[in-house]
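Worksheet: one structure, shown below.
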Amino acid sequence: MVSNGYITREAFHDIYDHVDAANIDLKAFTENFYGKITLTHLAPVLETLHWLKNETNVWFELTNLMISTLNDDPEETRKLAEWILTNLGPDVPLHFTAFHPDFKLRDKPRTPPETLHNARRIARDVGLRYVYEGNIYSDGANTNCPACGTLLVKRSWHDVMQNRIKKSACPDCGFQIAGVWENTSLHHNSPQRPTGAVGRYGHLNL
């Protein structure tokens with residue numbers, strides 16, 4: 001599931017009990033951005049992330065689309081990364097992606113690669129282990145072992161060029177790499193799954 005993170009409490013388990021993986025757009029880390037640009041609020045998105053972390057086994061990642069002058073301030077990036085570390089842990093992947101003025105906000109320039117490089121450095125310095133750059137060609141798209149630094153997964157845009165991970169671990173030092181490496185899903189996601197969901201919606205063959 002690709003989502004902006006907006007969902008009611010009543011619908012959360014009815015949906016995420018049937019989801020194995022999600023990418024949540026954490027569009028910024030200020031209420032000002034959410035209010036003016038998206039006409040919504042930041043707090044409900046953070047609440048959804050709490051639910052995903054604490055009430056499900058859904059593998060989820062975060063994407064922050066960086067737009068020049070709107071949400072690319074280094075201090076905001078640091079606060080975003082610190083919130084993730086404190087509330088979700090160091091292993092939730094964070095993707096910083098470049099904005100292209102192809103649809104809306106055409107008055108804004110393309111995000112300079114250095115903005116993504118700097119954001120990635122900040123998030124890694126904070127302590128996040130899996131931080132990526134997207135919408136540009138960059139070594140920041142690769143996965144390196146958090147322990148020994150060896151290259152594990154080499155990517156080019158959306159293509160995986162090399163994958164050295166063996167049995168969910170770094171082949172050089174044995175460090176366990178966060179991720180889902182085998183298919184164990186049969187609606188196993190939520191330890192607190194409501195029992196009534198299947199009965200209410202079974203006729204829909206979910």
Side-chain angles (χ1 to χ4, degrees), residues 1-9 11-13 15-16 19-99 105 108 111-136 138 140-144 146-147 176-180 189-192:
M1 174 178 285
V2 177
S3 171
N4 61 13
Y6 251 74
I7 188 170
T8 64
R9 180 64 187 172
F12 179 79
H13 278 291
I15 292 175
Y16 280 101
V19 172
D20 291 308
N23 188 297
I24 307 297
D25 289 331
L26 184 53
K27 297 180 183 296
F29 206 66
T30 65
E31 178 66 14
N32 183 60
F33 179 99
Y34 266 87
K36 289 185 175 181
I37 305 301
T38 73
L39 305 180
T40 61
H41 299 282
L42 171 62
V45 181
L46 301 183
E47 190 172 47
T48 296
L49 295 176
H50 271 293
W51 296 341
L52 283 169
K53 173 66 176 181
N54 297 315
E55 300 183 23
T56 78
N57 291 322
V58 174
W59 174 260
F60 65 98
E61 308 191 3
L62 307 178
T63 294
N64 179 222
L65 178 68
M66 306 201 82
I67 307 170
S68 295
T69 75
L70 293 182
N71 65 349
D72 62 341
D73 181 79
E75 186 57 33
E76 179 181 343
T77 298
R78 181 170 297 277
K79 289 179 180 179
L80 181 149
E82 289 173 344
W83 186 92
I84 293 171
L85 181 68
T86 300
N87 293 274
L88 307 179
D91 291 332
V92 173
L94 172 60
H95 303 260
F96 292 111
T97 60
F99 169 78
L105 296 176
K108 300 299 181 183
T111 308
E114 184 54 41
T115 298
L116 302 189
H117 302 337
N118 188 48
R120 183 169 182 259
R121 281 194 295 267
I122 291 171
R124 286 163 60 90
D125 287 345
V126 164
L128 301 186
R129 292 172 175 162
Y130 305 97
V131 186
Y132 301 99
E133 299 172 12
N135 287 348
I136 63 171
S138 166
N142 299 332
T143 298
N144 294 83
Q176 290 291 306
I177 305 302
V180 178
N189 291 324
S190 175
Q192 301 180 22

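In this structure, the side chain of Y130 engages the main chain of A178 through a donor-acceptor pair within 3.5 Å. Remark: side-chain polar atoms of T97 are not paired, donor with acceptor, to backbone N or O of N135 under 3.5 angstrom.
Of all the heavy atoms in E61 and V92, the pair that sits closest is CA-CG1, 4.4 Å. When all heavy atoms are compared, the tightest approach of T48 to G5 is OG1-O, 2.6 Å. Minimum heavy-atom separation, R78 to V126: NH1-CG2, 3.7 Å. Of all heavy-atom pairs between F96 and M66, the closest is CD2-SD, 3.7 Å. Scanning all heavy atoms of the two residues, the minimum distance from A22 to V58 falls at N-CG1, 3.9 Å. In plain terms, the two heavy atoms of N118 and P74 that are nearest each other are ND2-CG, 3.9 Å.
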Cut-off 3.5 Å, no hydrogens considered: what does the side-chain donor-acceptor table look like for residues 81-88, sequence neighbours left out?
{"residue": "T86", "atom": "OG1", "partner": "E82", "partner atom": "O", "Å": "3.0"}
{"residue": "N87", "atom": "OD1", "partner": "H50", "partner atom": "NE2", "Å": "3.3"}
{"residue": "N87", "atom": "ND2", "partner": "W83", "partner atom": "O", "Å": "2.9"}

Could you pull out all donor-acceptor pairs under 3.5 Å where a side-chain atom in residues 33-42 meets a protein atom, sequence neighbours excluded?
{"residue": "Y34", "atom": "OH", "partner": "K27", "partner atom": "N", "Å": "2.9"}
{"residue": "T38", "atom": "OG1", "partner": "Y34", "partner atom": "O", "Å": "2.6"}
{"residue": "T38", "atom": "OG1", "partner": "T40", "partner atom": "N", "Å": "3.3"}
{"residue": "T38", "atom": "OG1", "partner": "T40", "partner atom": "OG1", "Å": "2.5"}
{"residue": "H41", "atom": "ND1", "partner": "E31", "partner atom": "OE2", "Å": "2.5"}

Pair D25, V45 - check side-chain contact (heavy atoms from CB on, under 4.5 Å), show working. CA-CA 9 Å; D25 289 331; V45 181; over 6 Å; no
For L105 and I67: C-alpha separation, side-chain torsions, deciding distance, then whether side-chain contact (heavy atoms from CB on, under 4.5 Å) applies. CA-CA 9 Å; L105 296 176; I67 307 170; 3.9 Å; yes
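In terms of the salt bridge (Lys or Arg N to Asp or Glu O under 4.0 Å) criterion, residue partners of R121 (sequence neighbours excluded) are, by chain and number, E114. Remark: A43 pairs with no residue by the side-chain contact (heavy atoms from CB on, under 4.5 Å) rule, at least two apart or across chains. The side-chain hydrogen bond (donor to acceptor under 3.5 Å, both in side chains) test applied to Q176 returns S168, not counting sequence neighbours. Residues satisfying the ring-ring contact (aromatic ring centres under 6.0 Å, His included) criterion with Y132, sequence neighbours excluded, are H95. Annotation: side-chain hydrogen bond (donor to acceptor under 3.5 Å, both in side chains) contacts of S138 (sequence neighbours excluded): E133.
Atom-to-atom distance recorded for H117:NE2 and I122:CD1 is 13.0 Å, nearest 0.5 angstrom. Taking CD1 from I7 and CE from M1, the interatomic distance works out to 6.5 Å, rounded to the nearest 0.5 Å. Rounding to the nearest 0.5 angstrom, the gap separating the CG atom in L49 from the CG atom in N54 is 10.5 Å. To the nearest 0.5 Å, atom CZ of residue R9 and atom CD of residue E47 are 8.0 Å apart. One finds the NE2 atom of H13 at 11.5 Å from the CD1 atom of I15 (value rounded to the nearest 0.5 Å).
Sorted by first and then second residue, the side-chain hydrogen bond (donor to acceptor under 3.5 Å, both in side chains) pairs involving residues 62-74 (not counting sequence neighbours) are N23-T63, T69-K108. Residue pairs meeting the salt bridge (Lys or Arg N to Asp or Glu O under 4.0 Å) criterion with at least one member in residues 84-94, sequence neighbours excluded: D91-R129.
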